[in-house]
Asks: 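Shown below is the structure under consideration.
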Amino acid sequence: MKIYMHDRVMHGTTSRGVENLTSQDLSIGPMQLGNFFNSILLGILLIQVAQYFQNFRDPMWIRNLVILTLILDVSQSALMMYMSWEYVVPHFGDFDFLGQSMWALSCIPFFSVPVSWIVQCFYAWRIWIITKTKTWSIMVVLFAAIQGAFGIWAGIGSFLANSTADNVRLQKIAIVWFVFAMICDTSIMTIMIWSLNQSKTGFRDTDTLITRINRSIVRLGRLF
């Protein structure tokens, strides 16, 4: 890649490509890194889903919800892999193409936002069942709605963008999206652990089971 760039710069044919290099470092580079980690997490998700269907017999609507979430997540991962392939294989070294905003990138929020919203609202329902308090559930749903709104906003803005540099300008919206998603997830974890700790009885076996559930929430984010 360095040799290719050097050759083209020496011939004076990549002035626009070199000017766009910084914006590509800020957009395509993190995107490729995110795609790498997303592939790892997808494998973990598939294992968790398989374990869920083997070990749990939840009502049909919950099982269908798991299937829907899996379909959306796999679709999102497929879009990311397709986008990565287009950028680094058939259009390798094509700075004009690298500067364009692909339709697949714009579609990703419309898959990732429903996934996170479904999971977060499901946890809000579980919090209501466990704590018998609507306040915590409403708070979680509110955070989920805010992060979902900003995620869709980022997706629409990406559709209207003409280049990767335009997508970089959406980073403030994306930051708000990610911050509220983190706040929502952290709130869910904190409320679940707190409510379960309140259920400790002083009996060793029961308390050990609650501790294991808490560890499962933190490490795996299990839907139980």
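Owing to the predicted nature of the structure, the values given are computational and were not obtained by experimental measurement. Along the sequence shown, the residues carry numbers beginning at 1.
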Asks: Could you walk me through whether Leu33 and Phe37 satisfy the side chain to side chain contact (heavy atoms under 4.5 Å, CB included) test, starting with their C-alpha distance in whole Å, then the side-chain angles of each, then the deciding distance to 0.1 Å, before giving a yes or no?
Replies: CA-CA 7 Å; Leu33 186 62; Phe37 285 108; 3.6 Å; yes

Asks: Indicate yes or no for a side-chain donor-acceptor contact from Ser84 to the backbone of Met80 under 3.5 Å, with no hydrogens or angles considered.
Replies: no

Asks: In terms of the angle between their ring planes, are Trp125 and Trp61 parallel, tilted or perpendicular, with boundaries placed at 30° and 60°?
Replies: perpendicular

Asks: Going from OG on Ser137 to CD1 on Ile127, what distance comes out if it is rounded to the nearest 0.5 angstrom?
Replies: 5.5 Å

Asks: If two hydrophobic side chains count as joined below 4.5 Å and joins carry through other members, does Val141 share a cluster with Ile130?
Replies: no

Asks: Between Ser158 and Ala154, is there a donor-acceptor pair closer than 3.5 Å when you use the side chain of the first and the backbone of the second?
Replies: no

Asks: Closest approach of Ser106 and Phe159, non-hydrogen atoms and distance?
Replies: OG-N, 3.4 Å

Asks: What's the spacing between Leu41 CG and Leu46 CG if we round to 0.5 Å?
Replies: 11.0 Å

Asks: Spell out, yes or no, whether Met182 and Val119 are grouped together once hydrophobic residues are joined by side-chain heavy atoms under 4.5 Å, including indirect joins.
Replies: no

Asks: Could you give the distance from CD1 (Ile146) to CD1 (Ile183), rounded to the nearest 0.5 Å?
Replies: 8.5 Å

Asks: Evaluate side chain to side chain contact (heavy atoms under 4.5 Å, CB included) for Val66 paired with Phe53, printing each intermediate quantity in order.
Replies: CA-CA 9 Å; Val66 173; Phe53 281 103; 4.0 Å; yes

Asks: Is it possible for you to say whether Val176 and Leu142 belong to one hydrophobic cluster, with membership spreading through side-chain heavy-atom contacts below 4.5 Å?
Replies: yes

Asks: Is the closest side-chain heavy-atom distance between Ile156 and Phe110 below 4.5 Å?
Replies: yes

Asks: So do the side chains of Ile67 and Val49 get within less than 4.5 Å of each other, counting heavy atoms only?
Replies: no

Asks: Would you say Ile152 and Pro109 make side-chain contact, with heavy atoms under 4.5 Å?
Replies: no

Asks: Taking all non-hydrogen atoms of both residues, which atom of Trp177 and which atom of Gly151 are closest, and how far apart?
Replies: CD2-CA, 3.4 Å

Asks: So how far is it from Ile129 CD1 to Lys132 NZ, rounded to the nearest 0.5 Å?
Replies: 5.5 Å

Asks: What about Leu42 and Ile47, same hydrophobic cluster or not, with Ile/Leu/Val/Met/Phe/Trp/Tyr joined at side-chain heavy-atom distances under 4.5 Å?
Replies: no

Asks: Are the side chains of Leu79 and Trp103 in contact, using a 4.5 Å heavy-atom criterion?
Replies: yes

Asks: Quick one: do Phe56 and Leu68 end up in the same hydrophobic cluster if we chain Ile, Leu, Val, Met, Phe, Trp and Tyr together by side-chain heavy atoms under 4.5 Å apart?
Replies: yes

Asks: May I ask you to test the Phe143-Ile188 pair for a side-chain heavy-atom distance under 4.5 Å?
Replies: no

Asks: Using 0.5 Å steps for rounding, measure from the SG atom of Cys184 to the CD atom of Gln120.
Replies: 3.5 Å

Asks: Keeping the roles fixed (side chain from Asn55, backbone from Gln51), state whether a donor-acceptor pair exists under 3.5 Å.
Replies: yes

Asks: Ser116 and Gln147: which non-hydrogen atoms are nearest, and at how many Å?
Replies: OG-NE2, 3.0 Å

Asks: Report yes if the side chains of Asn35 and Met83 come closer than 4.5 Å at any heavy-atom pair, otherwise no.
Replies: no

Asks: For Tyr82 and Trp85, I'd like to know if the aromatic rings sit close, meaning centre-to-centre distance below 6.0 Å.
Replies: no

Asks: Mind running side chain to side chain contact (heavy atoms under 4.5 Å, CB included) on Ile62 and Phe122 for me, showing each step along the way?
Replies: CA-CA 9 Å; Ile62 296 181; Phe122 181 86; 4.1 Å; yes

Asks: Using side chain to side chain contact (heavy atoms under 4.5 Å, CB included), reason through Val113 and Trp153 one step at a time and then give a plain yes or no.
Replies: CA-CA 11 Å; Val113 168; Trp153 185 2; over 6 Å; no

Asks: Met81 versus Ser39: any side-chain heavy-atom pair under 4.5 Å?
Replies: yes

Asks: Does CZ in Phe36 sit with more than 12 non-hydrogen atoms of other residues, nucleotides or ligands closer than 6.0 Å?
Replies: no

Asks: To the nearest 0.5 Å, tell me how far Leu65 CG sits from Met60 CE.
Replies: 13.0 Å

Asks: Val140 and Ala124: which non-hydrogen atoms are nearest, and at how many Å?
Replies: CG1-CB, 3.8 Å

Asks: Mind checking ring pair (Phe, Tyr, Trp, His ring centres under 6.0 Å) for Trp136 and listing every partner two or more places apart, or none if nothing turns up?
Replies: none

